[in-house]
Amino acid sequence: GEGGERAEVAICDAILPYDYEYLGNGPRLVITPLTDRVYVTATQALNLKMGCAPAGPAGTGKTETTKDLANALAKLIYVINCSQ
């Protein structure tokens, strides 16, 4: 904006800048209590300048949930598969 204002995303007590990274008009996830819990946990970690590495069985949506959160915050995300 003219006065240097930026859009911000607030989740619980975490306030993160909206980064305006265009990630395309892709599909979005259905919000369930589990995805909501992951969103809150991940944004709290980002607010504390920490990382987030979801763990769990294969095929449970960890990568897709993380990518959807990055899309909601307009942040660029790189997915690295270390098991291959």
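Quick note: numbers below take in every heavy atom, side chains included, and nothing from hydrogens, waters or symmetry partners.
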Of all the heavy-atom pairs spanning [X] and [Y], show the shortest one and how long it is.
| X | Y | answer |
| --- | --- | --- |
| Gly51 | Ala45 | O-CB, 3.5 Å |
| Tyr39 | Ile31 | CE2-CD1, 3.8 Å |
| Ile77 | Thr66 | CD1-CG2, 3.6 Å |
| Ala72 | Arg28 | CB-NH2, 3.5 Å |

Report the distance from atom [atom1] of [X] to atom [atom2] of [Y], rounding to the nearest 0.5 Å.
| X | Y | atom1 | atom2 | answer |
| --- | --- | --- | --- | --- |
| Thr43 | Leu73 | OG1 | CG | 7.5 Å |
| Leu46 | Lys75 | CG | NZ | 7.0 Å |
| Asp19 | Leu76 | CG | CG | 9.5 Å |
| Ile11 | Asn47 | CD1 | CG | 10.0 Å |

Keeping [X] on the side-chain end and [Y] on the backbone end, is there a donor-acceptor pair under 3.5 Å?
| X | Y | value |
| --- | --- | --- |
| Lys62 | Gly56 | yes |
| Thr41 | Val38 | no |
| Lys67 | Val79 | no |
| Arg6 | Tyr18 | yes |

Non-hydrogen side-chain atoms of Ile15 and Val9 separated by less than 4.5 Å
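They are not in side-chain contact.
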Do you see a donor-acceptor pair shorter than 3.5 Å between the side chains of Asp13 and Gln44?
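A pair is found: one side chain offers a donor N or O, the other an acceptor, under 3.5 Å apart.
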Shared hydrophobic cluster, Leu16 / Leu69 (ILVMFWY, side-chain heavy atoms < 4.5 Å):
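Leu16 clusters together with Leu69.
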